[in-house]
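Right, one structure below, let's go through it.
Order of the sequence lines sets the chain letters (A, B, ...), proteins ahead of strands, with each chain counted from 1.
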There are 2 protein chains.
Amino acid sequence: MKKTNILKKIENAGLKKTKYRVNIIDLLEKADGLLSASDIHQLLIDNDIQMDLSTVYRTLEKLTENNIINRIELEKEKQSLYEYNREKHHHFMICKSCNKIETIYDCPLTKYEEDIKAHSDFLITGHKIEFYGYCKNCRKRLKIN
Amino acid sequence: MKKTNILKKIENAGLKKTKYRVNIIDLLEKADGLLSASDIHQLLIDNDIQMDLSTVYRTLEKLTENNIINRIELEKEKQSLYEYNREKHHHFMICKSCNKIETIYDCPLTKYEEDIKAHSDFLITGHKIEFYGYCKNCRKRLKIN
DNA sequence: ATATAAATGCAAATCATTTGCAATTAATAA
DNA sequence: TTATTAATTGCAAATGATTTGCATTTATAT
Ligand SMILES: [Mn+2]
Ligand SMILES: [Mn+2]
Ligand SMILES: [Zn+2]
Ligand SMILES: [Zn+2]
């Protein structure tokens, strides 16, 4: 992503443009998987960017609040994970053996939520799904079909 | 549930029959909602049953391992919650305003999982869904339609 | 009744996350 | 540019749920 776009996002959120914020957004935008606060902290250090872990947390909080990134809480992962917000509804498949996380850009619930809307007093405004199972590699390795 | 059935469950799991285990299973079987470890600890104290919180945790762990109860980890609840395992597949609807948790004994994913099975290398063996929205009371109170 | 492994209480440790506070810095106005 | 002010930061300490080490007790089988 062009740096100007990142700066625009920060500006639109009414946040100060600090090198830390630009760096974290940049890093998450380039990352291909989900990253934890400490992952991010370490990656910054690897890039010679010193930043206190508490500041990482505060930054992630602010960016999450402003929908620039998403905080993901997965079953069993004690740490929160973060991803760049590409504004594309998605879900996760998590391998029970190696913990690999794959993303599904697809959603089976649209119709179901409409049904609930019609038949229940509860108004659904969102949902979260995690699928659990075995990834390609682990199926092979563990001979699971 | 008749106490003999609880004892049978403990026995089948190869666990010792301690008053604590019987009490916790009993309590969860009667509870109508989800309970945290500290909820359970407090309820036991209210019933004049002294039990160390660490023992509550260890008991819940054992009962979960043996599928007598289920451990539920919900987005944003920092504490794990527990329910008696009625062996009935279900999901939750969580009110964004009052945090009320309602259960859905229904599942919209059977067909979808078969689709994934057919089109992906990932083998799905289970899933987890949380629906978020507003319960009847909060819809009324907050005038949300 | 005895032996043995499991269960327990208590205190201390863990670990991700949060917070208080003083110092620094970005944004804005003068 | 300089001054002003609120936001941001670093550091150390706190938090809070959960876990663990260890000595003691208890349930179960012989
Ligand atoms: Mn969806
Ligand atoms: Mn289901
Ligand atoms: Zn795997
Ligand atoms: Zn509600």
Side-chain angles (χ1 to χ4, degrees), chain A residues 3-4 6-25 34-45 47-66 68-82 99, chain B residues 3-4 6-26 34-45 48-66 68-82 99:
Chain A
K3 184 159 279 190
T4 33
I6 292 179
L7 292 182
K8 204 151 290 171
K9 285 220 172 202
I10 293 177
E11 191 172 359
N12 291 343
L15 299 176
K16 283 188 180 177
K17 287 165 202 144
T18 70
K19 55 176 175 170
Y20 295 146
R21 278 175 186 161
V22 176
N23 274 310
I24 287 186
I25 295 174
L34 301 173
L35 298 175
S36 69
S38 43
D39 288 341
I40 292 167
H41 187 229
Q42 191 52 56
L43 284 170
L44 290 169
I45 288 172
N47 274 72
D48 285 307
I49 297 164
Q50 298 303 319
M51 181 179 183
D52 193 80
L53 181 56
S54 70
T55 308
V56 174
Y57 274 107
R58 283 190 272 226
T59 303
L60 291 171
E61 169 68 19
K62 273 274 186 295
L63 298 179
T64 301
E65 274 174 13
N66 289 284
I68 295 173
I69 65 176
N70 301 323
R71 169 185 288 132
I72 312 288
E73 334 233 84
L74 297 179
E75 182 105 13
K76 280 167 191 134
E77 294 276 347
K78 53 268 156 227
Q79 298 180 250
S80 292
L81 301 177
Y82 298 86
N99 269 321
Chain B
K3 184 160 278 188
T4 33
I6 292 179
L7 293 182
K8 203 151 290 173
K9 286 220 173 203
I10 293 176
E11 192 172 359
N12 290 343
L15 300 175
K16 283 189 182 178
K17 286 164 203 147
T18 70
K19 55 175 176 173
Y20 295 146
R21 280 174 185 161
V22 176
N23 274 310
I24 287 186
I25 295 175
D26 203 43
L34 301 174
L35 297 176
S36 68
S38 42
D39 288 341
I40 292 168
H41 187 230
Q42 190 53 55
L43 284 169
L44 290 169
I45 288 173
D48 286 306
I49 298 164
Q50 299 303 319
M51 181 178 184
D52 193 81
L53 181 55
S54 71
T55 308
V56 174
Y57 275 108
R58 281 190 272 225
T59 303
L60 291 171
E61 169 67 18
K62 271 277 183 295
L63 297 180
T64 301
E65 273 175 13
N66 288 284
I68 294 172
I69 65 177
N70 301 323
R71 169 184 289 131
I72 312 287
E73 332 234 84
L74 296 178
E75 182 105 12
K76 278 165 193 137
E77 295 274 347
K78 54 265 155 233
Q79 298 180 251
S80 291
L81 301 177
Y82 298 85
N99 270 321

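Distance B:Ile40 CD1 to D:dA17 C1': 14 Å, rounded to the nearest Å. Summarising the geometry, the separation between CD on A:Gln79 and P on D:dA17 is reported as 19 Å, rounded to the nearest angstrom. In this structure, A:Leu53 atom CG and D:dA13 atom P are separated by 16 Å, rounded to whole Å. Atom pair B:Tyr57:OH and C:dA13:P shows a separation of 19 Å (rounding to whole Å applied). Spacing between atom NE2 of B:His41 and atom C1' of D:dT18 amounts to 14 Å, rounded to whole angstrom units. Atoms CG (A:Leu81) and C1' (C:dT17) sit 14 Å apart, rounded to a whole Å. Going from atom CD of B:Glu61 over to atom C1' of C:dA6 covers 15 Å, rounded to whole Å. A:Asp52 places its CG atom 15 Å from the P atom of C:dT17, with the value rounded to the nearest Å.
Here B:Lys17 pairs with B:Glu11 in a salt bridge; the nearest charged N to carboxylate O distance falls below 4.0 Å.
For B:Tyr20, a side-chain nitrogen or oxygen approaches OP1 or OP2 of C:dG9 to under 4.0 Å.
In this structure, CD1 on A:Ile68 lies 4.5 Å from CD1 on A:Ile25, to the nearest 0.5 angstrom.
B:Tyr82 and B:Arg71 get closest at one heavy-atom pair: OH-NE, 3.2 Å.
Where B:Ser36 and A:Gln50 meet DNA chain D, the nucleotide closest to each residue was compared, and A:Gln50 sits on the side nearer the 5' end. Toward the 5′ end of DNA chain C lies the nearest nucleotide of B:Gly14, the other residue of the pair B:Gly14 and B:Ser54 mapping further downstream.
Using a 4.0 Å heavy-atom distance criterion, B:Thr59 is classed as a sugar-phosphate-only contact. Residue contacts shown for B:Ser80 are limited to sugar-phosphate atoms, with no base heavy atom under 4.0 Å away. Within 4.0 Å of A:Arg58, counting heavy atoms only, lies at least one base atom of the nucleic acid. A:Arg21 comes within contact range of the sugar-phosphate backbone alone, with a heavy-atom separation under 4.0 Å but no base atom that close.
A:Asn66 places a side-chain N or O within donor-acceptor distance of the main-chain N or O of A:Lys62, the cut-off being under 3.5 Å. Using modelled atom types, no side-chain atom of B:Arg21 and backbone atom of B:Thr59 make a donor-acceptor pair closer than 3.5 Å. B:Tyr57 contributes no side-chain N or O that, together with a main-chain N or O of B:Asp52, makes up a donor-acceptor pair within less than 3.5 Å.
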Any protein N or O atoms within reach of nucleotides 25-28 of chain D? Criterion: under 3.5 Å, listing atom names and distances.
| from | atom 1 | to | atom 2 | distance (Å) |
| --- | --- | --- | --- | --- |
| D:dT26 | O2 | B:Lys16 | NZ | 3.2 |
| D:dA27 | N3 | B:Lys16 | NZ | 3.3 |
| D:dT28 | OP1 | B:Lys17 | N | 3.0 |

Where do B:Met51 and B:Ile24 land on the side chain to side chain contact (heavy atoms under 4.5 Å, CB included) test, with the steps shown first?
CA-CA 11 Å; B:Met51 181 178 184; B:Ile24 287 186; 3.7 Å; yes
